[in-house]
Protein chains: 2
Amino acid sequence: MSVKKRDDTCAIKSVDGKKVAAVKKAMLTDEEVRDLSETFSVLADPTRTKIIYALSKEELCVCDISGVLGISISAVSHQLRVLRNMRLVKFRKEAKMVFYSLDDGHIERLFNEGLKHVRE
Amino acid sequence: MSVKKRDDTCAIKSVDGKKVAAVKKAMLTDEEVRDLSETFSVLADPTRTKIIYALSKEELCVCDISGVLGISISAVSHQLRVLRNMRLVKFRKEAKMVFYSLDDGHIERLFNEGLKHVRE
DNA sequence: CTGTCAATTGAATGATTGTTCAATCATACC
DNA sequence: GGTATGATTGAACAATCATTCAATTGACAG
């Protein structure tokens, strides 16, 4: 049978491994990679994409966001929690309602950069 | 019992619905939302984040990427396919090896904007 | 042709995640 | 206090997705 166990490594690393060592050394820290992919993850969902865009236009309460997007209040609230945990949105309570808005200009710039890319 | 069916809508839309109507009108198209979230999705995975960063430094073959990230060649190849399908990387064949690099400067700018945000 | 190596691919598994439904909290009005 | 409404939360379900393992393709060397 001779079932050779593939060890999933290759004999030569590019020319001689120098490139690999150099890039490895310049690699991002685990924390940077985690933060980066987490940030992009938040923007990667269609519902959250719409919420962020809507909040970039106007301060809105949960109910209004639900109306703009045409989805349930519960679904909106769940996604707002994700955005809150990531510090992408801030909120303000008034009577029974909670008004949300973007936390700062950072996310808006990143979001617009992505939008620019999509629109070419 | 009186199990009132919650209809998940609210009586009043903000002041009187003007804000909701305005934001709704300015909303992104479905295609824009889809493209945006797909683009961010590609950047949202730690493995792909590292691959893109590595390729922003050097042109590398699959084997080298595997060596830099410390994961299997198969796993790298699967992710490269995703990146290829999204036109984020391009490749060049030489002998038995396939060398990958970033497709253009668009993604690098978007990626760096995200990195800047994470590093504050 | 045969054997070897880089890379791709498919199937299967495990983990993550978005939505729905129901219950609950909090505030305002009668 | 009791009721109605805006919002949050938890559990459950379905869908998506990244990784692993195994098999396969394509190119080169002997």
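None of the values given here were measured: they were computed from a predicted structure. Basis for what follows: all heavy atoms, side chains included, without hydrogens, waters or symmetry-related copies. Each chain gets a letter, A, B and so on, in the order its sequence line appears, and its residues count up from 1.
Look at OH on A:Y100: it is 11 Å from C1' on D:dG6, rounded to the nearest Å. A:K50 places its NZ atom 13 Å from the C1' atom of C:dT19, with the value rounded to the nearest Å. In this structure, the CD atom of A:E94 is 16 Å from the C1' atom of D:dT5, given to the nearest Å. Atom CZ in A:F91 sits roughly 19 Å away from atom P in D:dG6 (whole-Å rounding). Nucleotide C:dT17 holds its C1' atom 20 Å from the CZ atom of A:F40, rounded to whole Å. B:K93 places its NZ atom 16 Å from the P atom of C:dA6, with the value rounded to the nearest Å. Spacing between atom CG of B:N85 and atom C1' of C:dT8 amounts to 13 Å, rounded to whole angstrom units. Residue A:L80 contributes atom CG, which lies 18 Å from atom P of C:dT17 at whole-angstrom precision.
A close approach under 4.0 Å does not occur between any side-chain nitrogen or oxygen of B:R81 and OP1 or OP2 of D:dT19. Here A:R84 reaches the OP1 or OP2 of D:dT9: one of its side-chain N or O atoms lies under 4.0 Å away. For C:dT19, one of the phosphate oxygens OP1 or OP2 lies less than 4.0 angstrom from a side-chain nitrogen or oxygen of A:Q79. Close to D:dA7, at under 4.0 Å from its OP1 or OP2, lies no side-chain N or O of A:S77.
Distance from the side chain of A:K96 is smallest to C:dT27 among C:dC5, C:dT27, D:dA7. The listed nucleotides are C:dT20, D:dA7, C:dA7; the one nearest the side chain of B:V98 is C:dA7. Relative to the side chain of A:D45, the nucleotides D:dT20, C:dA7, C:dG18 differ in distance, and C:dG18 lies closest.
For B:N85, the CG atom is densely surrounded, since the number of other residues' heavy atoms within 6.0 Å is greater than 12.
For the residue pair B:Y100 / B:R84, a side-chain donor-acceptor distance below 3.5 Å is found, with atom types taken as modelled.
Stacking of the aromatic ring of A:H78 onto the base of C:dT19 is not found under the criterion of centres within 5.5 Å and planes under 30°.
Between the side chain of A:S56 and the main chain of A:Y53, a donor-acceptor pair closer than 3.5 Å is present. Between the B:R48 side chain and the B:V42 main chain, a donor and an acceptor come within less than 3.5 Å of each other.
In this structure, CG on A:D45 lies 9.0 Å from CG on A:L83, to the nearest 0.5 angstrom.
Side-chain atoms of B:S74 and base atoms of C:dT9 include a donor and an acceptor less than 3.5 Å apart.
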